[in-house]
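Lettering follows sequence order; numbering is per chain, from 1.
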Number of protein chains: 2
Amino acid sequence: MSQNKNYTPPKVWTWDSESGGEWANISRPVSGATHDKALPTGKHPLQLYSLATPNGQKVTIMLEELLALGHTKAEYDAYLIDISEGDQFGSGFVAVNPNSKIPALMDHAPASGNSPQRVFESGAILLYLAEKFNDLLPENPGKRTEALSWLFWQMGSAPYVGGGFGHFYKYAPEPIEYAIDRFTMETKRQLDVLDKHLADNEYMAGDEYSIADIAIWPWYGSLVLGYAYDAKEFLDAESYKHLLRWAKQIDTREAVRRGRIVNKTWGDDNEVQLRERHDAADIDKILK
Amino acid sequence: MSQNKNYTPPKVWTWDSESGGEWANISRPVSGATHDKALPTGKHPLQLYSLATPNGQKVTIMLEELLALGHTKAEYDAYLIDISEGDQFGSGFVAVNPNSKIPALMDHAPASGNSPQRVFESGAILLYLAEKFNDLLPENPGKRTEALSWLFWQMGSAPYVGGGFGHFYKYAPEPIEYAIDRFTMETKRQLDVLDKHLADNEYMAGDEYSIADIAIWPWYGSLVLGYAYDAKEFLDAESYKHLLRWAKQIDTREAVRRGRIVNKTWGDDNEVQLRERHDAADIDKILK
């Protein structure tokens, strides 16, 4: 593929399955299952189907934080959804998340006593778990509202980082200056929003660590710590001092160390990889 | 600006304020206020600062739905934030939403009895209002969870439509084939997700109209009805029959007709425009 300088969009768009860059093989203009495949189910009430991308890490960090807080019913099986293999288009996964994206959760023991409950979208899963275990979301109404504003901020903002900046900076078949400029500008603006907020607040919702931090850290913490897209220098990450302070502070949390490696399949031999997690011991073995 | 075929990103990105297309004048890589400007405050407890974009319409539709349901305390003043004039960078607005995006809400009579509460991000505002008035979010836990999954789905998906498809199809200074293909494919995939879901469900969360519908309609309903981006033909909107059924059904709701014109400043002489709304009569006059 190369850029056509004189491109005019057609009247009706049609799919050229050759285009799309590194992730082209899993990008489709239609939804739904491509093949029959049941999901496995383990021994715990919470069954997570995921991958250790930032959106996946949000949920595994949340579950590890809940376990660290003593919520034994937050025990979970984390099964791998390998998106490069098309696992997200299996019929079982599509039934849990019709949007074919990780993470997706099945709660086999919902508080309501209803039949098993599906929950999809990382933000919805964080809120669901916070309400189920009545933790990591401030009880004070004003702080709760502030935490939720930032949770939704993360959900609406990170697509510009992941689907915009990350894609055009790292994955697109060739660098397109206009698109890189557009999404770098927006990513830096978002980093600055966080930096200014964290200049005056220990955590996103004030003095309490909450699902707002758990949602934001895997994206923006990872970015300034250099865990994502190898873009620390390009984005001048060091200039966001308050964001870096917060990112490092959260990086040292035991539950964050544990949660971020679950369903991780990549990295060189020196990096941890943990395809599935069914028990605390699965993580203990690696982090010992 | 023209596309540089041999572009290599620099080591450290720097801002060229000349680039950026139609909205370049309001795009910045930094956040925060650019000038001192207090926000006006009207007579009602709820003060909305917004513009009739899809994200703005979500909230005005929600407020009109609540009023139609008899919640008299949902009365509101809707002040215009003209983003083409930089109103979102005024100090008063930034204090309500540090992210400088519409919509933003101040509740001067929060249920907690606390001091005035800020709420930002359209999804957070919908959830806040649904909880405040205990309406438009199913009480049944399973349906509530489903509504919230779809609410978060909308927040994480629409940036690919607005900041991706809409920008590159309609606003960018010249058409970039790769970017148009990328975001059209994803937009069509999302339309198909909705279409398949609405084949089996009257509303997004099942048989109850909820904040999930209110969040999704201004983006995806508008797209297939031809209200947004003039892209009905390009996206083959007619092929999404179930989505269209739902879109038309919601389009006829009185509260939707009312909500979608609030803070609207554009359109030709035959189209309604309502810069501010302080009373039901402001809308009545236009829709009579």
Testing the basics here: between [X] and [Y], what is the closest heavy-atom pair and its distance to 0.1 Å?
X: B:Ala124; Y: A:Ser149; answer: CB-CA, 3.7 Å
X: A:Lys101; Y: B:Arg189; answer: CE-NH2, 3.4 Å
X: A:Tyr7; Y: B:Ile176; answer: CD2-C, 4.3 Å
X: A:Pro9; Y: B:Tyr169; answer: CB-CE1, 4.3 Å
X: B:Phe234; Y: A:Pro10; answer: CD1-O, 3.2 Å

Go through [options] and name the one with the most non-hydrogen pairs under 4.5 angstrom from chain B.
options: A:Asp236, A:Val193, A:Asn99; answer: A:Asn99
options: A:Asp195, A:Val94, A:Ile125, A:Asp192; answer: A:Asp192
options: A:Asn140, A:Thr145, A:Ile180, A:Leu151; answer: A:Thr145
options: A:Gly156, A:Ala158, A:Ser100; answer: A:Gly156

Next on the checklist: Before you tell me yes or no, could you show the steps for B:Glu131 and A:Arg144 under salt bridge (charged side-chain N to carboxylate O under 4.0 Å, His left out), namely the whole-Å CA-CA distance, both residues' side-chain angles and the distance that decides it to 0.1 Å?
Outcome noted: CA-CA 12 Å; B:Glu131 291 188 333; A:Arg144 180 176 184 276; 2.8 Å; yes
Next on the checklist: Less than 3.5 Å apart, any donor N or O on the side chain of A:Trp13 or B:Asp181 sitting next to an acceptor on the other?
Outcome noted: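 Note: A:Trp13 and B:Asp181 side chains meet the donor-acceptor criterion.
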Item to check | From CA spacing to verdict: side-chain contact (heavy atoms from CB on, under 4.5 Å), A:Tyr178, B:Phe168 | outcome: CA-CA 10 Å; A:Tyr178 177 82; B:Phe168 286 99; 3.6 Å; yes
Measuring heavy-atom distances to chain B, does [X] have an atom under 4.5 Å in its side chain, in its backbone, in both, or in neither?
X: A:Leu127; result: side chain
X: A:Tyr160; result: side chain
X: A:Arg118; result: both
X: A:Pro110; result: neither

Next on the checklist: Quick check on the interface: out of B:Gln154, B:Gln190, B:Glu186, B:Glu146, who has the most heavy-atom pairs with chain A under 4.5 Å?
Outcome noted: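 Looking at each option in turn, the highest pair count goes to B:Glu146.
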Checklist entry - Taking B:Ala111, B:Pro98, B:Gly142, B:Pro141 one by one, which has the highest count of heavy-atom pairs under 4.5 Å against chain A? => result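 Most pairs with chain A among the choices: B:Gly142.
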Item to check | Intermediate values then yes/no, side-chain contact (heavy atoms from CB on, under 4.5 Å), B:Val12 and A:Leu235 | outcome: CA-CA 6 Å; B:Val12 181; A:Leu235 295 169; over 6 Å; no
Supply the atom-to-atom distance [X] [atom1] to [Y] [atom2], rounded to the nearest 0.5 angstrom.
X: A:Lys11; Y: B:Glu233; atom1: NZ; atom2: CD; value: 5.0 Å
X: B:Arg182; Y: A:Tyr171; atom1: CZ; atom2: OH; value: 11.0 Å
X: A:Met155; Y: B:Glu121; atom1: CE; atom2: CD; value: 11.0 Å
X: B:Glu177; Y: A:Asn6; atom1: CD; atom2: CG; value: 11.0 Å

Next on the checklist: Looking at B:Gly32, is its backbone amide N or carbonyl O close enough to the side chain of A:Lys196 to form a donor-acceptor pair, meaning the two atoms are under 3.5 Å apart?
Outcome noted: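 Such a contact is absent between A:Lys196 side chain and B:Gly32 backbone.
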Item to check | Parallel, tilted or perpendicular: rings of B:Phe152 and A:Phe152 (30°, 60°) | outcome: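 Parallel, since the angle between the ring planes stays under 30°.
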Checklist entry - Taking it one step at a time, do A:Met185 and B:Trp15 satisfy side-chain contact (heavy atoms from CB on, under 4.5 Å)? => result CA-CA 7 Å; A:Met185 174 140 59; B:Trp15 185 21; 3.4 Å; yes
Item to check | From CA spacing to verdict: side-chain contact (heavy atoms from CB on, under 4.5 Å), B:Arg28, A:Lys188 | outcome: CA-CA 9 Å; B:Arg28 305 154 64 218; A:Lys188 284 182 70 77; over 6 Å; no
